[in-house]
Amino acid sequence: MKHINSILIALFCFGNMLGQTNGLLTKQEAIAQTLQNNFGITIANNNLEVADNNQGILNSGYLPSLTGNAGASYDIQDQEVTFQSGDTNIVDGAETTRYDASLNLSYTLFDGLGRYWDYKAFKEEYKVSELQVRETMETTVLQMFSVYYEVARITENITVLEETFYNTERRLKRAGYAFEYGQNNKLDVLNAEVDLVTDSINLLNARQLLINTKRDLNVISNLDLERDFNVDTTVVFVPELVLQDYINVADTMNTRILQAKKNKTISDYNYNSSKSVYLPTVGLTGSYGWNKGNFPSTSFASASINTGLSAGVNLSWNLFDGGSGITSVRNAKIQVASQEVLIDQIEKEVDRDILNAQGDYLNKLKIYDLQAQNVATATNNFERSNEQYKLGQISSVELRQAQVNLLNTKTNKNLAKYQAKLAELEVLQLAGQLLNIEL
């Protein structure tokens, strides 16, 4: 019995270590932590900021450009100048200095409406980025729940394994007492010891798996890997009528469909922008400048200073660019048609995915109900077998079989429960409602 006592001590220490947790981590808290800290969501939000910058007025092309220029030059030359009167002036090392500064304004008054449609396209691209962030959030939350419910499943399985272990432990004690008083042989004691070791190993493995799975959840939430917690094992399913209402409006909420429609709008804007090649461009220019020069004696003036304004309007019309503009317009029109086809394809795929996910969910829900009934039957069978064992009507092997059957049915029920819930969450994600309901 010495090795049995060692097993009991190890399980007791491991159990105390698991019991030192930081309290209950609710589903809503897990969602909030994941949305705030997850690596993928952080990157998606950064991409959204880029899209926000792109849709701003500073990237629209509607603002003028203003440049400042300044310069200075110095010349030294040997000069010989002959004037109209015939006089000659020779200067060795004639120096000339010039200084200038100016502010230049350039503004496009009209560019064939290209920037107008580009600006509208940037606005739509920002909305696409918003949908991409939402899609990333939905995918991440679904991933988080797959791990969260795995922690819950293992937690419930540990409870079942502990109950099995304690039942086996009591059977070992009973078999030991019966052997001491000569009521049975050593075989029952040995069988109980073997079963207790098996239950101990199963319990140790489950507890280690629980620790590892909690770390997986901490990675998704980007929190301390050694953070410990309990999870909520309560599962509430969405009423069937409510779920069906969500499915009925999936075409207006599904992120894939919404992104495809936004991309179609962007293609329309790009097509309109490409047609700006057929129209002229009108621009406005303005400048304010200052110039100063110092000249040698060979010049008519010794120095000059000029300041003033200048302005102008220019028109540019690319009457024929070799056909590249026409080709761009034609290709943009084809892209619009392709986006229309892509919308039809995505809508068909989403409808298929929803039907498959809904059928899978309903099937798993029925399996869960059947597993619950199976647990009731196995519990009744084990209780009857336990009473018969106490009366000596069945062997320890038959009791163990009933015990194993009960263990399997309870763990299968736990598995079916969380599989059904995850299948429901997949339906909610496809319907675009995963982030809109309280789970």
Side-chain angles (χ1 to χ4, degrees), residues 25-45 47-48 128-156 212-223 229 231-240 242-260 346 349-365 367-368 414-439:
L25 176 65
T26 65
K27 301 179 184 70
Q28 294 303 321
E29 289 173 345
I31 293 174
Q33 292 171 357
T34 300
L35 294 180
Q36 181 178 357
N37 302 317
N38 179 264
F39 294 108
I41 293 177
T42 300
I43 294 173
N45 283 324
N47 293 335
L48 181 63
V128 171
S129 296
E130 284 184 319
L131 290 170
Q132 290 172 344
V133 171
R134 179 181 147 196
E135 184 179 26
T136 301
M137 288 180 175
E138 290 176 345
T139 303
T140 304
V141 168
L142 187 62
Q143 180 189 14
M144 184 276 296
F145 268 116
S146 68
V147 181
Y148 184 95
Y149 284 134
E150 181 65 7
V151 173
R153 184 186 72 85
I154 297 172
T155 300
E156 291 197 302
N212 295 344
T213 309
K214 285 182 178 180
R215 289 196 184 106
D216 292 338
L217 186 59
N218 288 334
V219 169
I220 295 175
S221 301
N222 189 19
L223 294 173
F229 51 86
V231 296
D232 184 6
T233 59
T234 304
V235 170
V236 178
F237 294 99
V238 177
E240 183 178 352
V242 175
L243 187 63
Q244 188 59 49
D245 289 339
Y246 290 153
I247 293 174
N248 292 339
V249 296
D251 58 333
T252 63
M253 297 297 295
N254 180 272
T255 53
R256 285 190 64 201
I257 295 177
L258 294 177
Q259 286 183 67
I346 291 176
E349 291 176 351
V350 170
D351 288 342
R352 176 206 61 196
D353 293 341
I354 289 177
L355 289 174
N356 290 344
Q358 185 182 21
D360 184 54
Y361 163 62
L362 295 175
N363 184 63
K364 288 179 177 177
L365 200 58
I367 292 175
Y368 172 56
N414 293 336
L415 178 62
K417 177 173 70 171
Y418 294 114
Q419 284 183 337
K421 185 60 181 179
L422 287 174
E424 179 194 71
L425 294 182
E426 290 180 5
V427 176
L428 292 172
Q429 180 195 19
L430 291 169
Q433 301 291 340
L434 184 60
L435 302 179
N436 300 333
I437 66 172
E438 185 174 349
L439 299 170

Shortest non-hydrogen separation from [X] to [Y] and the atoms involved:
{"X": "Ser221", "Y": "Ala30", "result": "OG-O, 4.4 Å"}
{"X": "Thr213", "Y": "Glu150", "result": "CG2-CG, 3.7 Å"}
{"X": "Val427", "Y": "Tyr361", "result": "CG2-CB, 4.3 Å"}
{"X": "Asp360", "Y": "Ala423", "result": "OD2-CB, 3.9 Å"}
{"X": "Ala250", "Y": "Ile354", "result": "CB-CD1, 3.4 Å"}
{"X": "Ala260", "Y": "Ile346", "result": "CB-CD1, 3.6 Å"}

Would you say [X]'s side chain and [Y]'s backbone share a donor-acceptor pair under 3.5 angstrom?
{"X": "Asn37", "Y": "Gln33", "value": "yes"}
{"X": "Asn45", "Y": "Ile41", "value": "yes"}
{"X": "Tyr418", "Y": "Tyr148", "value": "no"}
{"X": "Lys214", "Y": "Val151", "value": "no"}
{"X": "Asn248", "Y": "Gln244", "value": "yes"}
{"X": "Glu424", "Y": "Val238", "value": "yes"}

State the [atom1]-[atom2] distance between [X] and [Y], to the nearest 0.5 angstrom.
{"X": "Thr140", "Y": "Asn38", "atom1": "OG1", "atom2": "CG", "value": "4.5 Å"}
{"X": "Glu156", "Y": "Thr233", "atom1": "CD", "atom2": "OG1", "value": "4.5 Å"}
{"X": "Thr255", "Y": "Gln429", "atom1": "OG1", "atom2": "CD", "value": "7.0 Å"}
{"X": "Ile31", "Y": "Thr26", "atom1": "CD1", "atom2": "OG1", "value": "8.5 Å"}
{"X": "Leu217", "Y": "Leu223", "atom1": "CG", "atom2": "CG", "value": "8.5 Å"}
{"X": "Lys421", "Y": "Thr234", "atom1": "NZ", "atom2": "OG1", "value": "11.0 Å"}

Quick one, [X] and [Y] - any side-chain contact, counting heavy atoms below 4.5 Å?
{"X": "Leu428", "Y": "Leu425", "answer": "yes"}
{"X": "Met253", "Y": "Asn436", "answer": "yes"}
{"X": "Asp353", "Y": "Arg256", "answer": "yes"}

Task: Candidate pair Leu362 and Gln358, rule side-chain contact (heavy atoms from CB on, under 4.5 Å), full reasoning - done: CA-CA 6 Å; Leu362 295 175; Gln358 185 182 21; 4.3 Å; yes

Open item on the list: Looking at Arg352 and Glu349, is there a salt bridge between them, counting it only when a charged N and a carboxylate O are closer than 4.0 Å?
Closed with: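 A salt bridge is absent here (no side-chain N lies under 4.0 Å from a carboxylate O).
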
- [ ] May I ask you to say whether Glu138 pairs ionically with Arg134, meaning some side-chain N is under 4.0 Å from a carboxylate O?
- [x]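 Counted as a salt bridge, because a side-chain N and a carboxylate O are separated by less than 4.0 Å.
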
TODO: Would you please test Leu422 and Ser146 for side-chain contact (heavy atoms from CB on, under 4.5 Å) and show each step?
DONE: CA-CA 7 Å; Leu422 287 174; Ser146 68; 4.2 Å; yes

- [ ] Evaluate the criterion side-chain contact (heavy atoms from CB on, under 4.5 Å) for residue pair Phe229 and Asn218; output intermediate values, then yes/no.
- [x] CA-CA 10 Å; Phe229 51 86; Asn218 288 334; 3.5 Å; yes

Task: side-chain contact (heavy atoms from CB on, under 4.5 Å) partner of Asn254, the single match among Ile257, Asp251, Thr252 - done: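 Considering Ile257, Asp251, Thr252, a side-chain contact (heavy atoms from CB on, under 4.5 Å) with Asn254 is found only for Ile257.
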
- [ ] With sequence neighbours left out, write down each residue that passes ring-ring contact (aromatic ring centres under 6.0 Å, His included) with Phe145, or none if nothing qualifies.
- [x]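 Result, ring-ring contact (aromatic ring centres under 6.0 Å, His included) vs Phe145: Tyr149.
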
